[in-house]
Structures are given as structure tokens and as C-alpha cells.
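First comes the structure, then the notes that go with it.
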Amino acid sequence: MTQLLVWIQLFMVLMPTLWLVLGALENIRAPAANGNMVADVLAMRLMRDQFPELYAVLGRNRIESQRLHRLLFAAIVTAETIVALVMVAGTLALLLAALGLVGLEPARVLAAIGMLGFCMIWSAFLVGGQWVHYWAGAEGAQHTHLKLTLWGALVLVLLYIG
């Protein structure tokens, strides 16, 4: 049973790892795709256009500085890239542990550190998004970030079971 659980843990860590690796690569390769959306959310443009009454009350939280938009997006991509690399290392460690080549506990710890980073990225989006009220105008992004946070948390629980 323990061997089966290790393989399950490996594949459950592998999927969000691949997801984040692809996301980080796309943000590096085509930064305008998500960078422009981050700028729109921070400046609260989506709320302004879709919910002008709310914007009149809440728009004071907007962040208009293009320089700050670029810096925050660079910080996001940097965090995603670092966490993706840790997740790759954790995934490889779990694979080696499943094959009996390295200890299982250190592999799980490394995978858990990566998954915690995964959760922290999306949790940070939820917290930062609350500042700019992205539930009004970008609720699809908010739902995605919540689902990613939950996905990571469930994988962390699975790693702890072992």
C-alpha cells in the first residue's frame, strides 16, 4: 500500500507542477498575455467599465502606476518560476523515491515545500485581488485562483497522509 501511495502522490504533484511550469514559461515567452490583465485588474479598469457604481465607491484602491504594474508582474513571474523549479525537484524526488533510489521522507518534504509555494502564489492573488476587488470584473480569475489554492491544499494533505 505504501508503494502505491507514493505513486499516487507522485502523479498528484506532477499535474500542478506541469500546470505551473507551463504557466511560468508562457508568462516569460508572452508576458503581455497575462501582464496586461494584471495591469487591468490593478488599475481596476474592469470594474470601472462593468460596475461604474462600485468603482465610484471602491476605485480609491486602484494602482495606476505602470512601473508598479511591471514590477509586480515581474515578481509574479519570478515567484512562479522559482516555485515551479522547486516543484519539479519535488516531483523528481518522488519519482526517485518511488523507484527506491532515495529516501521517501525527504522527497515528500521537498514536494510539500513546492506545493506550499503553489498554494502561496494563488493565495497571494486572492489577498491582493481583494484589495482591488477583482471579484467585480475579473471574477473568473478569482475563481481560478481559489481552485488552484484548493488543488494545492488537497495535494499537501495527500502528501501528509503518507
Side-chain angles (χ1 to χ4, degrees), residues 9-94 107-160:
Q9 290 170 334
L10 166 64
F11 286 108
M12 292 302 292
V13 171
L14 175 65
M15 292 299 108
T17 298
L18 292 175
W19 193 96
L20 190 59
V21 165
L22 291 173
L25 287 174
E26 285 299 299
N27 280 334
I28 291 167
R29 189 180 69 79
N34 282 323
N36 291 340
M37 183 178 179
V38 168
D40 286 343
V41 168
L42 291 172
M44 299 175 77
R45 291 183 198 113
L46 302 169
M47 180 192 283
R48 182 193 65 212
D49 295 344
Q50 297 175 21
F51 302 97
E53 310 82 28
L54 281 174
Y55 181 79
V57 175
L58 303 171
R60 69 187 176 281
N61 288 6
R62 71 187 174 277
I63 299 168
E64 301 251 1
S65 167
Q66 291 181 8
R67 183 167 190 246
L68 190 52
H69 294 170
R70 287 189 303 275
L71 287 171
L72 287 171
F73 186 70
I76 290 166
V77 174
T78 300
E80 285 178 339
T81 302
I82 291 167
V83 170
L85 291 171
V86 173
M87 291 174 72
V88 167
T91 301
L92 291 173
L94 283 173
R108 282 187 178 140
V109 168
L110 185 56
I113 291 169
M115 290 309 304
L116 179 60
F118 184 86
C119 289
M120 289 179 70
I121 287 171
W122 309 118
S123 295
F125 271 93
L126 291 169
V127 172
Q130 184 60 28
W131 175 255
V132 292
H133 304 279
Y134 78 152
W135 46 264
E139 69 276 356
Q142 182 186 36
H143 295 159
T144 298
H145 299 151
L146 177 60
K147 290 173 187 173
L148 290 166
T149 301
L150 293 173
W151 185 15
L154 289 171
V155 174
L156 272 170
V157 169
L158 180 61
L159 287 168
Y160 180 74

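All values below were derived from every heavy atom in this structure, side-chain atoms included, with hydrogens, water molecules and symmetry-related copies excluded.
- Here the closest non-hydrogen pair linking Cys119 and Gly152 is SG-C, 3.2 Å.
- Within the model, atoms CE of Met12 and CG of Leu154 stand 7.5 Å from one another, a figure rounded to the nearest 0.5 Å.
- The OG1 atom of Thr91 lies 8.5 Å from the CG atom of Leu110; values are rounded to the nearest 0.5 Å.
- Looking only at side-chain heavy atoms (C-beta outward), Phe73 and Asn27 come within less than 4.5 Å of each other.
- The aromatic rings of Trp19 and Phe118 sit perpendicular, their planes meeting at an angle over 60°, well past the 30° parallel limit.
- At least one side-chain heavy atom of Phe125 sits less than 4.5 Å from a side-chain heavy atom of Ile76.
- Ala84 approaches Thr17 most closely through the heavy-atom pair O-CG2, 4.5 Å.
- Residues Met44 and Val132 come closest through the heavy atom pair CE-O, 3.5 Å.
- Atom CE of Met15 is surrounded by more than 12 heavy atoms from other residues, nucleotides or ligands within 6.0 Å.
- Other residues, nucleotides and ligands contribute only 12 or fewer heavy atoms inside 6.0 Å of the CD atom of Gln66.
- In this structure, the separation between CG on Leu116 and CE on Met87 is 11.0 Å, given to the nearest 0.5 Å.
- With rounding to the nearest 0.5 angstrom, the CZ atom of Arg45 is 11.0 Å from the CZ atom of Arg62.
- Distance CZ/Arg108 to OH/Tyr160: 12.0 Å, rounded to 0.5 Å.
- The OG1 atom of Thr81 lies 7.0 Å from the CG atom of Leu85; values are rounded to the nearest 0.5 Å.
- Between the side chain of His69 and the backbone N or O of Ile63, at least one donor-acceptor pair lies under 3.5 Å.
- In this view, Glu139 satisfies the salt bridge (Lys or Arg N to Asp or Glu O under 4.0 Å) rule with no residue, not counting sequence neighbours.
- Contact annotation: the side chain of Glu80 approaches that of Leu20 to within less than 4.5 Å [non-hydrogen atoms, C-beta and beyond].
- A pairwise comparison of heavy atoms in Met47 and Leu58 identifies CE-CD1, 4.0 Å as the closest pair.
- The closest side-chain heavy-atom distance from Leu94 to Leu159 is below 4.5 Å.
- At distances below 3.5 Å, at least one donor-acceptor pair connects side-chain atoms of Trp131 with backbone N or O atoms of Asn61.
- Residues Ala138 and Met37 approach most closely at CB-CE, 4.4 Å, considering heavy atoms.
- In this structure the side chain of Pro31 never reaches within 4.5 angstrom of the side chain of Val77, judged on heavy atoms.
- Results of the side-chain contact (heavy atoms from CB on, under 4.5 Å) test with Tyr134 over Leu42, Leu46, Leu126 single out Leu126 as the only residue that passes.
- Heavy-atom minimum distance, Gly117 versus Val83: C-CG1, 3.6 Å.
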